[in-house]
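Take a look at the structure set out below.
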Amino acid sequence: MHETAAAVALWRRLDTPGHDACRLDPADGGWRLDGTAVFLHEGEPARIDYHVACDGRWRTERGHIRGFIGARTFDWRIGREASAAWTVNGVAVPGLEACVDLDLGFTPATNLTQLRRVALAPGQAAQVPVAWIDAPDGVLQALPQRYERRSATTYWYESPTAGYAELLELAPSGFVSRYPGLWEAVA
(Lines give C-alpha, C1' and ligand atoms only; values in the text may rest on other atoms or scores of the structure.)
Protein backbone atom coordinates (compact mmCIF):
# COMPACT_ATOMS: atom_id res chain seq x y z
CA MET A 1 0.00 0.00 0.00
CA HIS A 2 1.25 3.50 -0.80
CA GLU A 3 1.81 5.34 2.50
CA THR A 4 -0.47 8.26 1.57
CA ALA A 5 -3.42 6.19 0.36
CA ALA A 6 -6.49 5.31 2.36
CA ALA A 7 -7.06 1.69 3.30
CA VAL A 8 -10.25 -0.06 4.35
CA ALA A 9 -11.05 -3.37 6.00
CA LEU A 10 -14.10 -5.44 6.88
CA TRP A 11 -13.85 -8.37 9.29
CA ARG A 12 -16.16 -11.09 10.49
CA ARG A 13 -15.87 -12.21 14.12
CA LEU A 14 -15.27 -15.89 14.61
CA ASP A 15 -15.90 -16.25 18.36
CA THR A 16 -19.34 -14.57 18.39
CA PRO A 17 -21.67 -13.09 15.75
CA GLY A 18 -20.36 -9.74 14.56
CA HIS A 19 -18.46 -7.57 12.11
CA ASP A 20 -16.04 -4.66 12.16
CA ALA A 21 -15.38 -2.11 9.43
CA CYS A 22 -12.63 0.48 9.52
CA ARG A 23 -10.76 2.98 7.41
CA LEU A 24 -7.22 4.33 7.68
CA ASP A 25 -6.52 7.81 6.30
CA PRO A 26 -3.57 10.19 6.33
CA ALA A 27 -4.42 13.20 8.51
CA ASP A 28 -2.52 16.24 9.78
CA GLY A 29 0.93 14.75 9.12
CA GLY A 30 -0.09 11.48 10.77
CA TRP A 31 -2.79 8.85 10.52
CA ARG A 32 -6.43 8.46 11.49
CA LEU A 33 -8.12 5.11 12.03
CA ASP A 34 -11.94 5.16 12.20
CA GLY A 35 -14.24 2.19 12.54
CA THR A 36 -17.30 0.52 13.99
CA ALA A 37 -17.56 -2.91 15.56
CA VAL A 38 -21.00 -4.52 15.87
CA PHE A 39 -21.18 -7.84 17.70
CA LEU A 40 -22.87 -9.92 20.35
CA HIS A 41 -21.25 -9.52 23.79
CA GLU A 42 -22.38 -12.06 26.40
CA GLY A 43 -25.80 -12.30 24.78
CA GLU A 44 -26.30 -8.55 24.35
CA PRO A 45 -26.02 -6.50 21.15
CA ALA A 46 -23.02 -4.16 21.08
CA ARG A 47 -21.98 -1.31 18.80
CA ILE A 48 -18.67 0.46 19.34
CA ASP A 49 -17.45 3.39 17.24
CA TYR A 50 -13.73 4.03 17.51
CA HIS A 51 -11.18 6.59 16.41
CA VAL A 52 -7.40 6.44 16.90
CA ALA A 53 -5.03 9.23 15.83
CA CYS A 54 -1.30 8.59 15.36
CA ASP A 55 1.54 10.91 14.52
CA GLY A 56 3.68 10.48 11.39
CA ARG A 57 5.80 7.82 13.17
CA TRP A 58 2.68 5.79 14.08
CA ARG A 59 2.77 6.69 17.79
CA THR A 60 -0.69 6.98 19.32
CA GLU A 61 -1.72 10.51 20.21
CA ARG A 62 -5.36 9.91 21.21
CA GLY A 63 -8.34 7.63 20.88
CA HIS A 64 -12.09 7.89 21.27
CA ILE A 65 -14.42 4.97 21.93
CA ARG A 66 -18.18 5.32 22.26
CA GLY A 67 -21.14 3.09 21.92
CA PHE A 68 -23.31 0.65 23.79
CA ILE A 69 -23.48 -2.89 25.07
CA GLY A 70 -27.10 -3.77 25.77
CA ALA A 71 -28.62 -0.87 27.72
CA ARG A 72 -25.23 0.44 28.91
CA THR A 73 -23.66 3.35 27.00
CA PHE A 74 -20.10 4.61 27.25
CA ASP A 75 -17.90 7.38 25.89
CA TRP A 76 -14.16 7.19 26.60
CA ARG A 77 -11.58 9.69 25.40
CA ILE A 78 -8.05 8.39 25.68
CA GLY A 79 -5.02 10.62 25.46
CA ARG A 80 -1.27 10.13 25.37
CA GLU A 81 0.60 13.20 26.49
CA ALA A 82 4.06 14.29 25.29
CA SER A 83 5.33 13.16 28.72
CA ALA A 84 4.15 9.59 27.82
CA ALA A 85 1.37 9.78 30.42
CA TRP A 86 -1.98 8.26 29.44
CA THR A 87 -5.43 9.56 30.40
CA VAL A 88 -9.03 8.34 30.15
CA ASN A 89 -11.60 11.15 30.10
CA GLY A 90 -8.95 13.49 31.47
CA VAL A 91 -7.97 11.26 34.43
CA ALA A 92 -4.34 10.08 34.52
CA VAL A 93 -3.72 6.33 34.37
CA PRO A 94 -0.37 5.52 36.03
CA GLY A 95 1.98 2.72 34.99
CA LEU A 96 1.58 3.02 31.21
CA GLU A 97 4.56 5.24 30.43
CA ALA A 98 6.35 2.42 28.53
CA CYS A 99 3.36 2.03 26.20
CA VAL A 100 3.43 3.85 22.87
CA ASP A 101 0.43 2.21 21.22
CA LEU A 102 -3.28 2.09 22.01
CA ASP A 103 -4.75 -1.38 21.50
CA LEU A 104 -8.52 -1.78 21.31
CA GLY A 105 -9.44 -5.26 22.50
CA PHE A 106 -12.65 -5.49 20.48
CA THR A 107 -11.12 -4.96 17.01
CA PRO A 108 -8.12 -6.18 14.99
CA ALA A 109 -7.70 -2.68 13.51
CA THR A 110 -5.09 -1.42 15.98
CA ASN A 111 -2.60 -4.20 15.14
CA LEU A 112 -1.92 -2.21 11.96
CA THR A 113 -0.65 0.86 13.83
CA GLN A 114 1.58 -1.23 16.09
CA LEU A 115 3.10 -3.16 13.18
CA ARG A 116 3.66 -0.02 11.14
CA ARG A 117 5.42 1.66 14.08
CA VAL A 118 7.82 -1.20 14.85
CA ALA A 119 8.44 -1.87 11.11
CA LEU A 120 10.03 -5.30 11.55
CA ALA A 121 11.95 -6.98 8.75
CA PRO A 122 11.40 -10.73 8.21
CA GLY A 123 13.15 -12.61 11.01
CA GLN A 124 13.02 -9.69 13.45
CA ALA A 125 11.00 -9.65 16.68
CA ALA A 126 9.98 -6.96 19.17
CA GLN A 127 8.28 -6.62 22.52
CA VAL A 128 5.40 -4.19 22.00
CA PRO A 129 3.68 -3.39 25.31
CA VAL A 130 0.44 -1.52 24.66
CA ALA A 131 -2.13 0.52 26.55
CA TRP A 132 -5.06 -1.87 26.15
CA ILE A 133 -8.75 -1.16 26.62
CA ASP A 134 -11.69 -3.44 26.03
CA ALA A 135 -15.42 -3.16 26.28
CA PRO A 136 -17.34 -3.18 28.51
CA ASP A 137 -15.09 -2.27 31.45
CA GLY A 138 -13.25 0.73 30.01
CA VAL A 139 -10.13 0.07 32.08
CA LEU A 140 -6.91 1.16 30.36
CA GLN A 141 -4.07 -1.17 31.34
CA ALA A 142 -0.67 -2.37 30.16
CA LEU A 143 -0.72 -5.48 27.99
CA PRO A 144 2.59 -7.14 27.10
CA GLN A 145 2.78 -8.31 23.49
CA ARG A 146 5.43 -9.75 21.21
CA TYR A 147 5.52 -9.76 17.42
CA GLU A 148 7.91 -11.79 15.27
CA ARG A 149 7.79 -11.19 11.54
CA ARG A 150 7.89 -14.54 9.77
CA SER A 151 7.38 -13.37 6.17
CA ALA A 152 6.17 -10.37 4.18
CA THR A 153 2.58 -11.17 5.22
CA THR A 154 2.79 -13.15 8.49
CA TYR A 155 3.63 -12.32 12.10
CA TRP A 156 3.80 -14.62 15.08
CA TYR A 157 1.88 -12.80 17.82
CA GLU A 158 1.96 -13.52 21.55
CA SER A 159 0.01 -11.93 24.37
CA PRO A 160 0.94 -13.95 27.47
CA THR A 161 -1.42 -12.07 29.82
CA ALA A 162 -4.37 -12.78 27.50
CA GLY A 163 -3.19 -16.37 26.92
CA TYR A 164 -3.16 -15.93 23.15
CA ALA A 165 -0.44 -16.92 20.66
CA GLU A 166 -1.10 -17.40 16.93
CA LEU A 167 0.20 -16.64 13.46
CA LEU A 168 -1.46 -13.47 12.11
CA GLU A 169 -1.82 -13.00 8.36
CA LEU A 170 -1.80 -9.53 6.81
CA ALA A 171 -3.51 -8.15 3.73
CA PRO A 172 -1.55 -5.94 1.29
CA SER A 173 -3.12 -2.92 3.06
CA GLY A 174 -1.33 -3.82 6.30
CA PHE A 175 -4.54 -4.77 8.12
CA VAL A 176 -4.74 -8.22 9.69
CA SER A 177 -6.65 -10.53 7.35
CA ARG A 178 -6.62 -13.60 9.58
CA TYR A 179 -6.61 -13.49 13.38
CA PRO A 180 -7.12 -17.19 14.23
CA GLY A 181 -10.16 -17.91 16.36
CA LEU A 182 -11.17 -14.26 16.57
CA TRP A 183 -11.39 -12.44 13.21
CA GLU A 184 -11.08 -12.95 9.49
CA ALA A 185 -11.28 -10.44 6.67
CA VAL A 186 -14.31 -10.49 4.44
CA ALA A 187 -13.22 -10.49 0.80
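All values below were derived from every heavy atom in this structure, side-chain atoms included, with hydrogens, water molecules and symmetry-related copies excluded. Note that the numbering runs from 1 along the sequence shown for the chain.
In this structure, Thr154 OG1 and Glu166 CD are separated by 13.0 Å, a value rounded to the nearest 0.5 Å. Considering CZ of Arg23 and CZ of Phe175, their distance stands at 10.0 Å, rounded to 0.5 Å. With rounding to the nearest 0.5 angstrom, the OH atom of Tyr179 is 12.0 Å from the CG atom of Leu167. Taking SG of Cys54 as the reference point, atom CZ of Arg116 lies at 10.5 Å (rounded to 0.5 Å).
Under the 3.5 Å distance criterion, with hydrogens and angles disregarded, no donor-acceptor pair is assigned to the side chains of Thr110 and Thr113.
If you chain together hydrophobic residues whose side chains sit under 4.5 Å apart, Val38 and Leu104 never meet in one group. Grouping the Ile, Leu, Val, Met, Phe, Trp and Tyr side chains by contacts below 4.5 angstrom, directly or via other members, places Val130 with Leu168. Side-chain heavy atoms closer than 4.5 Å link hydrophobic residues (I, L, V, M, F, W, Y) into clusters, and following such links, even through other members, never connects Leu40 to Val186. One hydrophobic cluster, built from ILVMFWY side chains closer than 4.5 Å, holds both Leu182 and Val128. When hydrophobic clusters are built by joining Ile, Leu, Val, Met, Phe, Trp and Tyr residues whose side-chain heavy atoms come closer than 4.5 Å, directly or via intermediates, Leu33 is grouped together with Trp76.
Ring geometry, Phe106 versus Phe39: the interplanar angle falls under 30°, so the pair is classed parallel (tilted spans 30 to 60°). Taking the six-membered ring where the residue is Trp, Tyr147 and Tyr157 present tilted rings, their angle falling between 30° and 60°.
Looking at heavy atoms from C-beta onward, Ile48 lies in side-chain contact with Ile65 at the 4.5 angstrom threshold. Side chains of Trp58 and Leu115 form no contact here, defined as non-hydrogen atoms less than 4.5 Å apart. Considering only heavy atoms from C-beta on, Tyr50 comes within 4.5 Å of Asp20 through its side chain. Looking at heavy atoms from C-beta onward, Tyr155 lies out of side-chain contact with Asn111 at the 4.5 angstrom threshold. Side-chain contact between Ile78 and Leu102 is present, with at least one heavy-atom pair separated by less than 4.5 Å.
Residues Glu61 and Arg59 are not paired through a salt bridge, judged by the lack of any N-O separation under 4.0 Å between the basic side chain and the carboxylate. Between Arg66 and Asp49 there is no salt bridge, since no side-chain nitrogen of the basic residue lies less than 4.0 Å from a carboxylate oxygen of the acidic one. Of the charged side-chain nitrogens involved, at least one lies within less than 4.0 Å of a carboxylate oxygen, so that Asp101 and Arg117 count as a salt-bridged pair. With respect to Arg13 and Asp15, a salt bridge is recorded, a charged nitrogen being found less than 4.0 Å from a carboxylate O.
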